[in-house]
Structures are given as structure tokens and as C-alpha cells.
Asks: 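Here it is: the structure, laid out below.
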Amino acid sequence: MTEKVRVRFAPSPTGPLHVGGVRTALYNYLFAKHHGGDFIIRIEDTDQTRLVPGAEEYILRSLEWCGIHADYGPHIGGPDAPYRQSERKPIYKAYAEELVAKGHAYYAFDTPEQIEEMREKAKAAGNKSPQYNAITRQYMLNSLTLPAEEVQKRLESNEPYVIRMLVPRKEEIRFEDKIRGWVSVHSSQLDDKVLLKSDGMPTYHLANVVDDHLMKITHVIRGEEWLPSTPLHVLLYRGFGWEMPVFAHLPLLLSPDDSGKLSKRDGDRYGFPVFPLEWVDPITGNKSSGYKESGYLPEAFINFLAFLGWNPGTHQEVFSMQELIQHFSLERVGKSGVKFDKKKSIWYNQYYIRKKSPEELLPYVVQDLEKKGWPIPAAPYLKRVIELLSDRVEYLTDFTNLAPYFFLRPNTYEPELIEKSWKTQNIAFLIDFSRQLQGIQEWNSKNLEMLGKQLASEKGLSAGKIMPTIRLAVTGVTFGPGVFDILELLGKEETLWRIDQALQKIPVPTEKL
RNA sequence: GGUCCGUUCGUCUAGCCCGGUCCAGGACAUCUCCCUUUCACGGAGGAAACAGGGGUUCAAAUCCCCUACGGACUACCA
């Protein structure tokens, strides 16, 4: 095969894109770029009734955030435009008719009620999965059973009809899946799927085959849920006399509680977002969290996602997008369903955050502060905050969540910490400490520590005793970087103010000796 | 129910195609210890898996068969 690799990601704008979809897009992208090929986005909006406003735009925005950039798509255009199936409507009808002409498809005039009736009858007769197929089509209203003039008349009088695939009665259909090997299904298991709906729109089956052919797609990389309908697609390619693309069906992303494949409807119920970006349902107004807003770095999210079903075969775990492109291959994609591991996603995030410089992290923190409506300190101060915290955060939002005291004065003091460290001796120390602080020569962490320790030993107190007390007074919480580093950053004036506040606000214990 | 696909530590997985080097390797999580004023980071170490049963073979996680379990699909949805 010397032709250029071309793949497509074909989401349906029926809602937000979820992680499984992002992974499918990612693998398509990695595969295309690895081979120097094109990655196309095609919107499969043939079901007009399920369209969700904003979904397409959301999908496009999500992929951008992830760093998955399309070569062609509805927002970019390209040689095979339009890339929205609803805008390609006339194309499909012609192809469906071509198939009828070739004897691979037929018109069917049955009403939904008539089909339902057929199913009921079949069920009553003991058939567990009644189908519109080689057997039942003989008894239905279609161009196979009706006289030609009758068919003609019905078509001319604009009677609603669909075009169905004429699936051969007895035939073993085989195809090779790049991930699963040879798969074979007997045609008797397939039903005569509708190709063109009565509203003139194609179904997925027709549209995807026609478009993949027209867009010269070389590899169809999609979720495993499509595996059962692939034989039908094979039949379609054959019926048209077209060359088939290579198929690769990806293992599904499973929910952590073994309840099957992860779905959009899972929203936030597993404690991790299932969407890349926050999504607000246009109808219910329900908000679902997104990775971005939760404080994930896109590169961490992508690295994590890439490993859900693929691995390089080496011990390397950290890959940039460029490295992923370099190393990705379908051969190394697993076959079995993959469960989501929130802890690992956090590990990746933490890792990537720590690798970033304070300068790089700065905009994220500023954005977060803006969102929270907190005061935004000057850049040097912020960078120092980031430095002090970056070993301790899991999410980008932790810079503010875990250490609000760098931005706001504490207004509460952790009760447990009070109980442990707010002793009369310690308070006495704090008062003296604060007094000595006023006269300190150079306000830096080292000097502060020296002073604190010296004063402590003068009073017969250990460093371990007094530091939590200072921490309590200044931050109100137990968590954080070294106290003296905090003091240094806060500055003399603020430190003194906070100690004073603490002395006023935290009640003196009634100590029993 | 039927069809198809799958099954290695709790999780993601390496190894399977080309049987021996695997009393199964890595990562996350977990446990212990060290470092340490807190929380982390870091370092050292530990526990932890070939779904089950039959074959084939001198030898099977690796090849074959069966069973069990899980999943997907089964629409004029994608």
C-alpha cells in the first residue's frame, strides 16, 4: 500500500464527547501522524432527532484542548468538504439507488407498525430475535415481493419508503481486523439493515461506507461496539465494488464498577470526569465536570489516555504527544476492555505539573484565581508560591485549594491543630517570637529559622513544638511548605499582622498541669 | 436468547505470533522503613496475577479443545 494514510474520527453530535471518544480520536490521530498521513474529522449527524445544540462545537473544542489537531474537518474545510453528513444528504441517496440497481438493496414500504407486527408474530412463534432478513422479507412490503409497476407507482406517489440492504442468504463473511485478527460471521445472522431512512437521510452504515470511500480513508479505527456491524459494511464495500479500508476495532473503556462500557450518561458518578471539558446540558442545565476545569494538564490527560489500551512495550511511561506519535502502532493496542484508573490519572497529572516551570504554571494559577475572584498577587510572588507548592499538588487547582493562605488571610483555624499546638508555653513563645521578628535584620527563611530555633531553645522548647504553632497562627492549617518559607514569602508586615490576629482570635487554653 | 469479541498482580500492562532464559517483569495504588517541623517530594524494601479443566509436548502464561465468567451488538441510533 503506497497511498497516503488517511483516517477519520467520526463523532455524532448527540452530546459531549467522552473520554472513550477522545481516546478513539487520539489513536486515529497518532496513527495518522505516525505515518505522515491525514486526520479528518467528520460529523455524523444523520439522526436529526438526536442532535444536541452545542455538541459539535464542544467536540471540536475538546479535541483542540487535547492537542489533537485535524487536517480537515467541518471547522477547517478540505478537499472532500462538506464534512458534516447532513450537508451531504443528496450523495447518499444516489449511492443507495446504485445499490438497488446492482441488486444489492431494495425498496421497502412497510410501516413501523407492520414491522412491529412481524416481530411480534415471529416472537410468538418462538424466534427470540426477529429480524427483517432473507426469510421475513418474503412476507413484507418491498420491491422484492411487490410487482414492479406497484413499486414504481408507490415511488412516484411519494409514499414513504426506506432502502434496505439485501443480505445474501448463506455466506460466510470474513474480514481481517488489525487488532483482533480474522473475524467471521455468517450472513444469516445479519438482517437487512436500513441504508436510507424514510426522511432521505442515510443510516450510519451507508453514510460511513460512502464517506470513507469518497474521502479515501485507508484505515477505519473505531470502538469495538462497531465490530458486529462490520460484516454489513464489508458487504456494502463489495456491493459497490470498492476497495475496503483496513479495520481496527479498539477495546472499550469500561466503568470502574464493572457495569459495562463507560458512557456519556455516567457523568460524574465515579468521582472522575468523563468529559474533557465541562459540559452543561442545554436542556436540563445539568453540569458535568471536565478534565480541564478539574485542573488537569492536557498533556497528562493525553499521556494517561494513550496508555488505556496501548503500551510501547518498554518500561517508559511518560510520553509527549511527539513521542506518542513516534512510537504508536496498532499492533501494540490490546484486545480487552480497559477500566479507568483515577489514581493513575492523578499520578500523571502530578508528574506533569512538577515537570513544569513556575513560569509555565503561572497562567493556570492566575486563571484559577480569577475564577475564584481572589486577589491576584504580583508574578514574582505567585511564582514563589508555585515553587513552594508544586511538589504537593495533584491538580492545577490545588495551588489555590490547598494553600489559600497565600492569597487570603486565614479566618478559621484547624481545631485539631489548635488542640495540639496552642499551649500556653507555645503562646508565650509566639509572643516573644513576634516581638523579635520586628527587629530582624534581613527577612529571609534562613534568618527566621535561626531566630525561631534559638528562641525556642532559650525557652527549653523543641523546634518540633513551636513550628506547628507558628504555622497555625499564620496559615490556620497543618498542611504546607516549610513554615519559614511561608513567613519569608508573606513578608514581615503580614506575618506580624497574622500572628497578632491569631493571638486575638484563638482562645487561650485552660491548661491543666 | 442469538451472534461476535475478550479473560496475566486491586488497576493499566510486558511476556503469547516464533513453547524452555518466567517459582512471570514494569507502572499506579497499597504496606514497611529511611529522610523530615506539618503535608508532600525523594530513597530502600515487601505483599500481590497466568479464570478453571482437559489435552499436545521432555517442557505451556505461551499451541489445541471444552467450560466458566465478562463485554459489545441485536433500531428508519450512532
Side-chain angles (χ1 to χ4, degrees), chain A residues 10-14 44-47 49-50 108 110-112 115 126-132 160-164 177 179-181 183-186 188-191 193-199 201-205 207-208 222-231 249 251-252 254 256 258-261 304 307-318 331-332 334-348 350 354 389-394 402-403 417 420-421 449 452-453 456 462-472 475 477-484:
Chain A
S12 157
T14 54
E44 311 232 326
D45 56 350
T46 53
D47 187 348
T49 62
R50 292 208 306 155
D110 317 271
T111 62
I115 293 171
N127 186 342
K128 298 279 206 299
S129 50
Q131 294 182 317
Y132 201 118
Y161 67 91
V162 300
I163 292 180
R164 283 182 181 273
D177 185 279
I179 292 169
R180 278 145 226 287
V183 176
S184 83
V185 178
H186 195 87
S188 60
Q189 300 303 325
L190 269 34
D191 59 346
K193 280 265 180 298
V194 169
L195 301 178
L196 196 75
K197 301 184 266 189
S198 55
D199 65 356
M201 276 289 191
T203 57
Y204 170 84
H205 307 292
N208 110 83
R222 81 236 289 196
E224 194 189 337
E225 68 267 29
W226 294 109
L227 198 54
S229 57
T230 305
H249 289 92
L252 261 17
L254 273 17
D258 295 311
S259 63
K261 79 169 171 177
F304 166 68
F307 270 69
L308 250 33
W310 172 86
N311 76 84
T314 65
H315 286 166
Q316 186 181 345
E317 304 266 340
V318 176
E331 282 75 17
R332 296 212 61 89
K335 300 183 213 288
S336 43
V338 180
K339 250 181 253 170
F340 218 78
D341 185 356
K342 183 187 174 187
K343 292 277 178 59
K344 190 131 187 187
S345 78
I346 292 175
W347 177 77
Y348 269 114
Q350 191 177 27
R354 265 196 288 144
L389 253 24
S390 61
D391 271 355
R392 304 157 217 263
V393 302
E394 294 180 336
L402 295 177
L417 191 56
K420 266 215 289 229
S421 57
E449 182 170 356
K453 285 189 171 165
S462 74
K465 274 253 171 19
I466 55 101
M467 287 194 241
T469 309
I470 304 174
R471 181 182 295 280
L472 171 66
T475 72
V477 296
T478 162
F479 164 94
V483 244
F484 298 110

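First the proteins, then the strands, lettered A, B, ... as listed; each starts at 1. Only this structure's heavy atoms are used, side chains among them; waters, hydrogens and symmetry mates stay out. Everything numeric in this text was worked out from a predicted model, so none of it was measured.
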Asks: Rounding to an integer number of Å, can you tell me how far A:L389 CG sits from B:U38 P?
Replies: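 Spelled out: CG on A:L389 to P on B:U38 is 17 Å.
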Asks: A:K339: which residues meet the side chain to side chain donor-acceptor pair (under 3.5 Å) condition with it, sequence neighbours left out?
Replies: A:D258
Asks: How does protein contact run along nucleotides 31-36 of chain B, one letter per nucleotide 5' to 3', with B for base contact, S for sugar-phosphate only, - for none, heavy atoms under 4.0 Å?
Replies: ------
Asks: Could you tell me whether the side chain of A:K193 reaches within less than 4.5 Å of the side chain of A:D191, counting heavy atoms only?
Replies: yes
Asks: I need a per-nucleotide contact map over nucleotides 39-46 of chain B, read 5' to 3'. Cutoff is protein heavy atoms under 4.0 Å; write B for the base, S for backbone only, - otherwise.
Replies: BSSS----
Asks: Can you tell me how far P of B:G6 sits from NZ of A:K335, to the nearest Å?
Replies: 6 Å
Asks: With rounding to whole Å, what would you report as the distance between B:C16 and B:C33 at their P atoms?
Replies: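 Their P atoms lie roughly 39 Å apart.
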Asks: Are any of the side-chain heavy atoms of A:D110 and A:Y132 separated by less than 4.5 Å?
Replies: yes
Asks: Taking all non-hydrogen atoms of both residues, which atom of A:T230 and which atom of A:W226 are closest, and how far apart?
Replies: OG1-O, 2.8 Å
Asks: For A:R332 and A:N311, indicate whether the former's side chain and the latter's backbone hold a donor-acceptor pair under 3.5 Å.
Replies: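 Yes, because the side chain of A:R332 sits within donor-acceptor range (under 3.5 Å) of the backbone of A:N311.
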Asks: Within a strict 4.5 Å, meaning less than it, do heavy atoms of the A:R222 and A:H249 side chains meet?
Replies: yes
Asks: Any base atoms under 4.0 Å from A:V483, or only sugar-phosphate, or nothing? Heavy atoms, all strands.
Replies: base
Asks: A:K261 side chain to A:E225 main-chain N or O, any donor-acceptor pair under 3.5 Å?
Replies: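 Side chain of A:K261 to backbone of A:E225: no pair is present.
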Asks: Counting primed atoms plus P, OP1 and OP2 as sugar-phosphate and everything else as base, spell out the protein contacts along nucleotides 63-78 of chain B at 4.0 Å heavy-atom distance: B, S or - for each nucleotide, 5' to 3'.
Replies: --------SSS--BBB
Asks: Give the rounded distance in Å between these two atoms: CH2 of A:W347 and P of B:A27.
Replies: 9 Å
Asks: Donor-acceptor check, side chain of A:R471 to backbone of A:P481, threshold 3.5 angstrom: yes or no?
Replies: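 A pair under 3.5 Å: yes.
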Asks: Which value, in whole Å, describes the distance between the C1' atoms of nucleotides B:U62 and B:U57?
Replies: 13 Å
Asks: Contact class for A:R471 vs. all strands (heavy atom < 4.0 Å): base, sugar-phosphate, or nothing?
Replies: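 Answer is base: heavy atoms of A:R471 come under 4.0 Å of a base.
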Asks: If anything within 90° of 0 is syn and all else is anti, what is B:C41?
Replies: syn
Asks: So, do A:F479 and A:R392 sit near enough that their side-chain heavy atoms are less than 4.5 Å apart?
Replies: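 Heavy-atom side-chain distance check passes, below 4.5 Å.
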Asks: Indicate yes or no: at least one non-hydrogen side-chain atom of A:R180 is less than 4.5 angstrom from one of A:P251.
Replies: yes
Asks: Would you call A:L227 and A:D177 a side-chain contact if the rule is heavy atoms closer than 4.5 Å?
Replies: yes
Asks: Main chain of A:V194, side chain of A:T203: is a donor-acceptor contact present, judged purely on distance under 3.5 Å?
Replies: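 Confirmed, A:T203 side chain pairs with A:V194 backbone.
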Asks: One character per nucleotide, please: for nucleotides 9-18 of chain B, 5' to 3', B when the base has a protein heavy atom closer than 4.0 Å, S when only the sugar-phosphate does, - otherwise.
Replies: --BSSSS---
Asks: Could you work out, with side chain to side chain donor-acceptor pair (under 3.5 Å) as the rule, every residue matching A:T49, not counting sequence neighbours?
Replies: A:D47
Asks: What's the CZ-P distance between A:F304 and B:A27, to the nearest Å?
Replies: 18 Å
